[in-house]
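Heads up, the thing below is written out as C-alpha cells.
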2 protein chains.
Amino acid sequence: MQTVKKTLPACPVETTLTLISDKWKVLILRDLLTGTKRFGELKKSIGNVSQKVLTSQLRQMEDNGLLVRTVYPEVPPRVEYTLTDVGYSLKPILDAMWDWGTEYKKNMSEI
Amino acid sequence: MQTVKKTLPACPVETTLTLISDKWKVLILRDLLTGTKRFGELKKSIGNVSQKVLTSQLRQMEDNGLLVRTVYPEVPPRVEYTLTDVGYSLKPILDAMWDWGTEYKKNMSEI
DNA sequence: CAGTATCCTGCCAGATACTG
DNA sequence: CAGTATCTGGCAGGATACTG
C-alpha cells in the first residue's frame, strides 16, 4: 500500500483512495481538522482502533506528507499530531462526506 | 457491516464511511456516475476485483439504496447497474476526491 | 503516555467448477 | 454473460503484554 510515489494510479480518485482509504485515516483527518491532537486524544475519539494500527496509519500519513508528528522530550512523553497544508486540503472531501451523511440519515428517518 | 439502519453512527462522516468505505465501492461509484453499466463493464473497468467480491459489494450498495440492479431475461443474460438519486448524490464527494488527487499528483511531480 | 513486540483473527483475493 | 459455490491463503487489522 505504501511507497506511494511508485504506485500512484492514473485515475485521481484512485490516487486519493490510495492515501486515505485505510480503515481509520478518514477519522484521523476528521479529528485533526479541528486542530492539533495528542495520541491519546485521537485514540479515545476514534473509538475501537488498536494502538498498533493507529500508530501505523499515523506513520503512513506522516510519510505521505499529510501530517506532522512532534515529540516533546518530557516525562511522561507527549506526542502531538498536526495536519500539514496538504492534509488540511482534504477538508472539502470530509465536508462533502459530512453533508451526505447528514442527508442520508435524514432520509432514512423519514421512511 | 450491513444492516445499516441499526448501526448508523452519530457522526455523519462515519455514517458515510459505513456505506462507501469497502474496498471497491468508491470505484463502483466512479464508474456508475457516468451512466448505467453492465456487470462485465464494471469488472473490466475496476481492475483486479474478483467476481465474488464485486457481486457482494454491488448487492450491499443495492440494499443500501445507492443503486438499482436490473436483470434482462435474455440469453445470454444481461444485468445492468444504475445509481439511484441517493447514489448519484454522492457525486460531490467523488468530485472532491478527483480534485484532490489531481492536485496531489501535481505537487508530487514538482518535488 | 506513547509507544514496541508477539501472536492471532478474519476479510478479501485467487482459482476453479458449475448453472440459468 | 453473470452469476453461485467452495476451498485456499495472504495480509491488514486486532488483542495483549511489555517498555523508555
Side-chain angles (χ1 to χ4, degrees), chain A residues 1-4 6-7 9 14 16-32 35-64 66-82, chain B residues 1-4 7 9 14 17-29 31-32 35-64 67-82:
Chain A
M1 180 60 83
Q2 294 322 114
T3 320
V4 171
K6 276 202 274 193
T7 57
E14 288 187 58
T16 304
L17 280 179
T18 304
L19 293 166
I20 65 169
S21 71
D22 286 294
K23 189 164 181 177
W24 305 103
K25 289 185 179 177
V26 172
L27 299 183
I28 293 169
L29 287 168
R30 177 197 63 184
D31 290 342
L32 292 185
T36 296
K37 294 271 185 309
R38 298 181 61 163
F39 182 85
E41 291 180 283
L42 286 173
K43 180 153 171 28
K44 183 181 174 190
S45 166
I46 288 174
N48 284 326
V49 66
S50 71
Q51 263 182 351
K52 189 190 74 170
V53 173
L54 181 55
T55 300
S56 160
Q57 302 206 355
L58 284 167
R59 289 289 202 287
Q60 289 172 21
M61 293 171 76
E62 187 187 12
D63 292 343
N64 295 333
L66 301 183
L67 56 79
V68 171
R69 178 174 178 268
T70 310
V71 182
Y72 295 88
E74 307 171 354
V75 178
R78 180 162 57 105
V79 180
E80 291 187 344
Y81 294 90
T82 307
Chain B
M1 182 58 81
Q2 293 321 113
T3 320
V4 172
T7 58
E14 288 186 58
L17 280 180
T18 304
L19 294 166
I20 66 169
S21 70
D22 286 295
K23 189 161 181 177
W24 305 103
K25 289 185 179 177
V26 172
L27 298 183
I28 293 170
L29 287 168
D31 290 342
L32 291 184
T36 297
K37 294 271 185 309
R38 297 182 62 163
F39 182 85
E41 291 179 283
L42 286 173
K43 180 154 173 27
K44 183 180 175 191
S45 167
I46 288 174
N48 284 326
V49 65
S50 70
Q51 255 182 0
K52 188 185 65 172
V53 174
L54 181 56
T55 300
S56 161
Q57 303 207 356
L58 284 166
R59 289 289 201 287
Q60 290 174 19
M61 293 172 76
E62 187 186 14
D63 292 344
N64 294 334
L67 55 79
V68 171
R69 177 173 180 270
T70 310
V71 182
Y72 296 88
E74 308 172 351
V75 178
R78 179 161 58 105
V79 180
E80 291 187 345
Y81 294 89
T82 306

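Worth saying up front: this structure is predicted, and the values here are computed from it rather than measured. Residue numbers start from 1 in every chain, and the chains themselves are labelled A, B, ... in the order their sequence lines are given, proteins ahead of strands.
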Interatomic distance, [X] [atom1] vs [N] [atom2] [rounded to whole Å]:
X	N	atom1	atom2	answer
B/Lys43	C/dA15	NZ	P	10 Å
B/Asp22	C/dG10	CG	P	17 Å
B/Glu80	D/dA2	CD	P	9 Å
A/Leu58	C/dC1	CG	P	17 Å

With a cut-off of less than 4.0 Å, is there a side-chain N or O of [X] near OP1 or OP2 of [N]?
X	N	value
A/Arg69	C/dG3	yes
B/Tyr72	C/dG20	no
B/Trp24	C/dC11	no
A/Gln57	D/dG13	yes
A/Arg38	C/dC1	no
B/Arg59	D/dT4	yes

Query raised in the report: After noting the C-alpha distance and the side-chain angles of B/Leu54 and B/Phe39, does the key distance pass the side-chain contact (heavy atoms from CB on, under 4.5 Å) rule?
Result: CA-CA 9 Å; B/Leu54 181 56; B/Phe39 182 85; 3.9 Å; yes
Can you measure from [atom1] ([X]) to [atom2] ([Y]) and round to the nearest 0.5 angstrom?
X	Y	atom1	atom2	result
A/Leu42	A/Tyr81	CG	OH	8.0 Å
A/Asn48	A/Lys23	CG	NZ	8.5 Å
B/Arg69	B/Met61	CZ	CE	14.0 Å

Query - Given A/Val49, A/Ile20, A/Ile46, the one that forms side-chain contact (heavy atoms from CB on, under 4.5 Å) with A/Ile28 - result: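 Of the listed residues A/Val49, A/Ile20, A/Ile46, the side-chain contact (heavy atoms from CB on, under 4.5 Å) partner of A/Ile28 is A/Ile46.
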Report task. Please lay out, stage by stage, how A/Leu27 and B/Leu17 fare under the test side-chain contact (heavy atoms from CB on, under 4.5 Å). Result -> CA-CA 9 Å; A/Leu27 299 183; B/Leu17 280 180; 3.8 Å; yes
**Report entry** Nearest-nucleotide pick for B/Lys23, side chain only, options being D/dG3, C/dC12, C/dA2
**Finding:**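 Of D/dG3, C/dC12, C/dA2, C/dC12 is nearest to the side chain of B/Lys23.
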Requested in this report: For the side chain of B/Pro76, starting at C-beta, report the closest nucleotide among D/dG3, D/dG13, D/dC1.
Outcome: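 The answer is D/dC1, which lies nearest to the side chain.
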Report summary line: Given Watson-Crick and G-U pairs under 3.5 Å, DNA chain C in dot-bracket ([ ] crossing, | other strand) is ||||||||||||||||||||
Report task. Check the pair A/Glu62, A/Arg59 against side-chain contact (heavy atoms from CB on, under 4.5 Å), reporting the backbone distance first and the verdict last. Result -> CA-CA 5 Å; A/Glu62 187 187 12; A/Arg59 289 289 202 287; 3.8 Å; yes
Query - Polar pair under 3.5 Å, donor/acceptor by atom type, side chain B/Lys52, base C/dG14 - result: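 By the distance-only test, yes, there is a pair.
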Query raised in the report: Between B/Gln51 and B/Leu54, which has a closest nucleotide on DNA chain C that is more 5'?
Result: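 So the residue in question is B/Leu54.
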Report task. Nearest-nucleotide wise, let me know which of A/Val53 and B/Ser56 is further upstream toward the 5' end of DNA chain D. Result ->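 On the 5' side of the pair lies B/Ser56.
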